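Keep in mind that what you see is a predicted model, and the values were worked out from it rather than measured.
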Amino acid sequence: MRRKKGNIQDAHEAIRPTSTKFTPESVKDFLNKDQFKLYELIWKRFIASQMETAKLETTTVNIKADEYIFRATGTAVLFPGFLSVYDESKEDNGDNNNNKPGSIPVGLKKDQKLDLSKLEKNQHFTKPPARFSESTLIKALESNGIGRPSTYASIMGTLHDREYVVQEQRKLFPTDLGKK
């Protein structure tokens, strides 16, 4: 496609509402449940993309107890901006509560003495990253700027045809040849 000088076009492909006046609530009666959820997602993301950036303040607290140092980190929203319409973190984990357990209390001061009210022993092990599926591998290629949408199918085909990977339970595992 050729662009003429002075021709203004969007530099990306996107799905957008035809008009912002068609709010999700105003069209709800015309859509089934799944269509409504999809339209609401599209509408909110579009409106959020036109809004001001949110301003956040991150606080890190180091707590010293004998020779141990405990670190707590919390984030406060100074200006909600686009987060007032669309917050992806709430969507991902279904959390709509800003007062999460373990959040940093307001009013802490430097060198303040703290009282231990509760101590829980928890041991967490680092987990290796999940195996790629074809779709997560394509997302990784996309996010790293490798290939184009038109080449992703041939990339996947090459990985399978040359026996670089095998697919088990929808996950990709490298073969010996793939590791080499």
Nearest 0.5 Å, what's the [atom1]-[atom2] distance between [X] and [Y]?
| X | Y | atom1 | atom2 | answer |
| --- | --- | --- | --- | --- |
| T175 | L159 | OG1 | CG | 9.5 Å |
| I155 | I138 | CD1 | CD1 | 8.0 Å |
| T158 | E163 | OG1 | CD | 13.0 Å |
| D111 | K64 | CG | NZ | 11.0 Å |
| W43 | F36 | CH2 | CZ | 10.5 Å |
| Y39 | T23 | OH | OG1 | 7.0 Å |

Over 12 non-hydrogen atoms of neighbours within 6.0 angstrom of [atom1] in [X]:
| X | atom1 | answer |
| --- | --- | --- |
| E168 | CD | yes |
| D115 | CG | no |
| D176 | CG | no |

Which pair of non-hydrogen atoms, one from [X] and one from [Y], has the smallest distance, and what is that distance?
| X | Y | result |
| --- | --- | --- |
| R131 | P174 | NH1-CD, 3.4 Å |
| A54 | P80 | CB-O, 3.3 Å |
| Q35 | F30 | OE1-O, 4.5 Å |
| Q112 | G107 | OE1-O, 3.9 Å |

- side chain to side chain donor-acceptor pair (under 3.5 Å) with E134: which of H160, K139, R170?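 The side chain to side chain donor-acceptor pair (under 3.5 Å) with E134 is passed solely by H160 among H160, K139, R170.
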- Query: Can S154 and T151 be counted as having a side-chain donor-acceptor contact under 3.5 angstrom?
  - Reply: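 Checked: S154/T151 side chains show no N/O donor-acceptor pair below 3.5 Å.
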